[in-house]
Amino acid sequence: MLGARPVLVGAVGPDFADYREWLERHGVDCAGVHTSDTAHTARFTCTTDDAQCQLASFYPGAMSEAATIRLAPLVGSHAVGLVLIGADDPDAMLAHTQEARDLGLPFAADPSQQLPRLDTDRCRMLVGGARYLFSNEYEWELLQRRTEWTARDVAARVELRVTTLGAKGALVVDGDSEVHVEAVPARDVVDPTGVGDAFRAGFLAGVDGGFGPERAAQLGSLVATLVLEVDGPQEWRVDPDRELARLAECYGADAAADLEPLLRGAGRATP
Ligand SMILES: Nc1ncnc2c1ncn2[C@@H]1O[C@H](COP(=O)(O)OP(=O)(O)OP(=O)(O)O)[C@@H](O)[C@H]1O
Ligand SMILES: [Mg+2]
């Protein structure tokens, strides 16, 4: 949607065929997807009430085979600039983080929902040396407790910390300097599922497009709001004129002008 060319890595079941087709149609390369012979694709069921409180249940299924996937063959065949390690089977998260280090590839640590299941050593291994550390506010507190690192310790071990704060926006922390990026006001809050990932998608497309962290976080905030305004995490669309007006209103004319080529390109790529 934003012109980046992501390669998906993960383990799925034989029930993945329809979703693979949908992802490929939307420009996601599924070359790193392993299909299990015995288990179905992991499934997250989320129930949201009128106050946007959520109850989640999770079936891991084929996810437990993700640690068998190697990154090296993908790096040989694709131009990989960054490895994003999100919530997955914990052994897979550790293996992929270590392999990224061994291959000399920058990585982003995004342990999110798996934090409660990680002990101190494993948590430190996922975070230390990351180019980007992503989390929401609650996960950031938990991460400090789990790693037994202070904010200063973390700052010394990651290049950039990006902490999302829900409706309060996001914090981008680079060593001692801190930039707060406001959220883009939502016209209509329909469904919060996937806003965190939406922010990451916009942020990473921004840095991949050559923007600095603040502009990237502004784009991340816009995409998060687009997801918040529709039912479902992946049903959003870019309307370049409308989005540029919102960016100008929220972050100023310079931000909108900088991000215009990327958003107009995204508009054309929308199927
Ligand atoms: N009510 C809101 N209004 C506008 N923007 C919002 C709102 N809630 C979230 N966002 C945007 O989404 C980003 C991520 O939100 P949040 O910190 O709640 O992520 P999260 O808890 O990881 O979400 P997820 O439920 O996807 O895991 C925020 O930084 C902000 O840009
Ligand atoms: Mg999240």
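For ligands, and for the atoms within them, numbers begin at 1 and follow the listed sequence. We're numbering straight along the sequence, starting at 1.
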Strictly less than 4.0 Å: does any protein heavy-atom distance to atom 27 (O) of ligand 1 fall in that range? no

Proximal ligand 1 atoms for [X], defined as those under 4.0 Å from one of its heavy atoms:
X      : value
Ser221 : 31 (O)
Gly194 : 26 (O)
Thr225 : 4 (C), 5 (N)
Gly169 : 28 (C), 29 (O)
Gly196 : 19 (O), 22 (O), 23 (O), 24 (P), 26 (O)

Closest protein heavy atom (residue, atom, distance) for [atom]:
atom                    : result
atom 1 (N) of ligand 1  : Ala167 CB, 3.5 Å
atom 3 (N) of ligand 1  : Leu228 CD2, 3.5 Å
atom 11 (C) of ligand 1 : Ala224 CB, 3.6 Å

In Å, rounded to the nearest 0.5 Å, how long is the span from CD of Glu249 to CZ of Arg246?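 Here the interatomic distance stands at 9.0 Å.
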
Using heavy atoms and a 4.0 Å limit, tell me yes or no: is Leu165 in contact with ligand 1? yes

Can you check whether [Y]'s main-chain N or O pairs, donor with acceptor, with [X]'s side chain at less than 3.5 Å?
X      : Y      : value
Asp174 : Ser177 : no
Thr41  : Gly13  : yes
Asp191 : Thr193 : yes

Should one rank Asp197, Val181, Thr164, Val184 by closest heavy-atom distance to atom 4 (C) of ligand 1, which comes out on top? Val184

Who's closest to atom 10 (N) of ligand 1 heavy-atom-wise, of Pro192, Ala183, Gly220, Gly166? Gly166

Does Asn136, backbone or side chain, put an N or O under 3.5 Å from an N or O of ligand 1? yes

Should [X] and [Y] count as side-chain neighbours, where that means a heavy-atom distance under 4.5 Å?
X      : Y      : value
Arg237 : Leu226 : no
Glu243 : Thr225 : no
Gln114 : Asp88  : no

What class does the angle between the rings of Phe203 and Tyr132 fall in, given that below 30° is parallel, 30 to 60° is tilted and above 60° is perpendicular?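 Judged by the thresholds at 30° and 60°, the geometry between Phe203 and Tyr132 is perpendicular.
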
More than 12 heavy atoms of other residues, nucleotides or ligands under 6.0 Å from CZ of Arg43: is that the case?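 No, not enclosed.
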
